[in-house]
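Shown next, in C-alpha cells, is the structure this report addresses.
Quick note: residue numbers are just sequence positions, from 1.
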Amino acid sequence: MIDLYSKALSSSLKVDRILGKIEGSELGPTVVFFGGIHGNENSGVFALKDVFPGINAAYLKGTVYGISGNLRALREHKRYIDQDLNRLWTKTNIEEIKSKSILNADETELVELLDILNAILENDQPPFYFIDLHSTSSKTLPFITINDALINRKFSEQFPVPIVLGIEEYLEGPLLSYINTLGYVSLGFESGQHDDFFAITNDIAFIHLALVYSGVLEEEAVMDFSKYFQQLKQQSENTFDVFEIVYLHTIKPKEEFKMLNGFKSFEHVKKGTKLAISNEKEITAPSSGSIFMPLYQKRGAEGFFIIKPIKPFFLKLSAILRDIKIDGFLALLPGVSWVNKKEGILQVNLKVAKFFAKAIFHLLGYRNRQLTETHLRLNNRERVAQTAIYKKEPWY
C-alpha cells in the first residue's frame, strides 16, 4: 500500500495494487480499468477510488476490476523509475524480463501486473474489456486512443469524444498493444492535463459510461448517466471525429528538446509552423494538421504528433474490406510475404514498399514498423481479434 497525493484535489489516499474488484449477482462481461501506468498520471487512480464505492453489486452483470499501474512511480509522482513501464509490453521484452534474476523497479511492476492480467483471463468471464486511464502534459480535449481493430473502433464510437487511430505504428510496447495481440477490446482514455481537476472528473464520467456500454450495468443503474455523457461531450467541444497519426517527432538520446509554449492537443497547425527547439534548431510542422500530445514534461521520447481526420467513407470502406478478408491477396504482390498468416504479420521488401500506398495497408488494418535494413513488418489486429466473443454485444 502507498500514500498517493493529488494536486488537483489537494488530498491524499492510500492505494493498493487492486483498487477494487466487484462481482455481480449475474454472469456477464469482465471490465478491467488500469490507472497510473505512468506514475505522474494519477487522475485515473483517484477516479476509480471515487467510482467503486458507488457500484452496487446487486445491479452488476459480470465483474469489474480497478488496478493501480506503477505503484513506486505513483508514490514518487514520476513517469517511471528506471524504464517507461508503458513501453515494455512486447513479447520479446516480457520473455527477457521473466528470465532475469534481478529486475529493476519498472520490470518488477510489469511482472506483478502480468500475473494479475493472466489470472483475470484464466479465471474470469468473457467478453473482456481493458481500459487504460491516462492524462497528458499539455492541455487537451479528452480523447480515446486505440489500436486499429474493428472491435476497438465499434466499442469506442459509443463515447462522445474524438478517437485517434494508429498509435501502435509509432510506439513500441504499450500495455494496450500487448492486450490487443491477445485479441481483446482495449482502449486508452486520455482525460485531460496532468493534475487538472477535470482530468479526474472526465475519468469518472468515462468509467461510468464504459460500465454501461460494456453491459455490466444498465443505464438506469447509473443515476447521472446523461450528465456524464454531456460532460464528456462538452469537454470534447463536440469533436467526434476519428483521427489518424501521420507524424511523430521522436526525441533522440541526448537531444535537447523543448516544446514551444502554448500548444494543446487537437489545435490546428499549418505546415511550417514553429513548434519546438531541438539542439538550438527550430522544429517546424512537416505538414498541416492538428498537433497531438505536445510534450511539456522532462521525461518522454515523443516530442509531438501530427494527426489528421479520416473521412467516414474510408472508415466504412475499411470495415467492408476487412470483413471479407481481402488482405489475403496482399501476399500475391511482389516483395510481400507472410511471416505469420494466422497472426496477420506480413513483411515487405523496402525496395518495393515505396510503390505501395501506405493508406492501402491502413485500410486493411496493417500498421508498419521497420524490421531490418531491408524489410518492413506489418501487423494486422483483425486476424488476432477475438471478434466472435463480441458479436452478440449490442454495440457490435
Side-chain angles (χ1 to χ4, degrees), residues 89-92 127-128 130 144-157 163-174 176-187 242-248 307-372 374-393 395-396:
W89 294 85
T90 66
K91 291 182 178 179
T92 301
F128 293 99
F130 295 92
I144 289 170
T145 59
I146 53 173
N147 282 210
D148 189 11
L150 292 181
I151 54 174
N152 286 338
R153 275 199 214 172
K154 291 183 178 183
F155 182 69
S156 298
E157 285 169 356
I163 299 168
V164 180
L165 303 177
I167 200 159
E168 71 269 30
E169 195 164 58
Y170 296 89
L171 303 183
E172 186 171 18
L176 294 182
S177 290
Y178 174 74
I179 294 173
N180 265 273
T181 65
L182 305 178
Y184 302 112
V185 167
S186 58
L187 59 94
V242 178
F243 293 85
E244 182 170 44
I245 296 172
V246 296
Y247 177 79
L248 164 64
I307 58 175
K308 293 185 178 182
I310 305 173
K311 293 181 179 179
F313 168 79
F314 291 109
L315 292 169
K316 292 178 182 178
L317 177 61
S318 70
I320 293 169
L321 295 176
R322 295 181 200 191
D323 281 340
I324 62 176
K325 291 185 169 57
I326 199 169
D327 66 304
F329 294 100
L330 286 175
L332 300 177
L333 297 172
V336 182
S337 60
W338 287 110
V339 174
N340 187 319
K341 189 173 183 178
K342 184 179 179 181
E343 294 184 7
I345 303 174
L346 286 166
Q347 66 177 11
V348 182
N349 190 308
L350 283 170
K351 290 181 179 179
V352 298
K354 60 184 177 181
F355 299 110
F356 302 137
K358 193 175 183 180
I360 298 297
F361 289 116
H362 286 180
L363 271 176
L364 302 179
Y366 285 87
R367 300 284 165 173
N368 72 66
R369 279 192 165 276
Q370 187 159 339
L371 181 64
T372 67
T374 59
H375 285 83
L376 290 175
R377 173 167 288 190
L378 297 110
N379 293 78
N380 187 319
R381 300 304 184 197
E382 299 302 340
R383 286 184 175 263
V384 296
Q386 300 200 36
T387 307
I389 67 175
Y390 299 101
K391 278 193 170 181
K392 293 183 180 179
E393 299 305 298
W395 54 265
Y396 187 84

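Using a 3.5 Å distance cut-off with no hydrogens or angles, the side chains of Asp327 and Tyr366 do pair a donor with an acceptor. There is a side-chain donor-acceptor pair under 3.5 Å between Ser318 and Arg153.
Across all non-hydrogen atoms, the minimal contact from Pro309 to Phe243 is N-CD2, 3.5 Å. For the pair Ala149 and Arg322, the tightest heavy-atom approach, listed with the atom from each and the gap, is CA-NH1, 4.3 Å. Scanning all heavy atoms of the two residues, the minimum distance from Tyr170 to Tyr247 falls at OH-N, 3.7 Å. When all heavy atoms are compared, the tightest approach of Ser177 to Asn147 is OG-OD1, 3.2 Å. When all heavy atoms of Lys341 and Arg383 are compared, the pair lying nearest together is O-CD, 3.3 Å. Here the closest non-hydrogen pair linking Glu244 and Arg367 is OE2-NH1, 2.9 Å.
Here Lys391 contributes atom NZ and Ile151 contributes atom CD1; the two are 11.5 Å apart, rounded to the nearest 0.5 Å. Taking CH2 of Trp338 as the start and CD of Gln347 as the end, the distance is 12.0 Å to the nearest 0.5 Å. Between atom OH of residue Tyr184 and atom CG of residue Leu176 there is a gap of 14.5 Å, rounded to the nearest 0.5 Å. We find the CD1-CZ distance between Ile146 and Arg381 to be 11.5 Å, quoted to the nearest 0.5 Å.
Looking at Ser156, its side chain does come within 3.5 Å of a backbone N or O of Asn152 through a donor-acceptor pair.
Proximity of Leu330 to Leu364: side-chain heavy atoms (C-beta onward) are separated by under 4.5 Å at one or more points. For the pair Glu382 and Leu150, the minimum side-chain heavy-atom distance is below 4.5 Å. Ile345 has its side chain out of reach of Asn380: every pair of non-hydrogen atoms, C-beta onward, lies at least 4.5 Å apart.
The ring of Tyr390 has its center no closer than 6.0 angstrom to the ring center of Tyr396.
Ring geometry for Trp395 against Phe155 counts as perpendicular: the plane angle is over 60°, on a 0 to 90° scale with 30° as the lower cut.
Looking at Asn180, Thr181, Asp148 one by one, the single match for side-chain contact (heavy atoms from CB on, under 4.5 Å) with Glu168 turns out to be Asp148. For the side-chain contact (heavy atoms from CB on, under 4.5 Å) test with Leu346, the passing option among Leu333, Leu376, Val336, Val339 is Val336; the others fail.
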(request) Decide yes or no on side-chain contact (heavy atoms from CB on, under 4.5 Å) for Leu187 and Thr145, but give the supporting numbers first. (result) CA-CA 6 Å; Leu187 59 94; Thr145 59; over 6 Å; no
(request) Go through the steps for Leu165 and Ile245 under the test side-chain contact (heavy atoms from CB on, under 4.5 Å), then give the verdict. (result) CA-CA 7 Å; Leu165 303 177; Ile245 296 172; over 6 Å; no
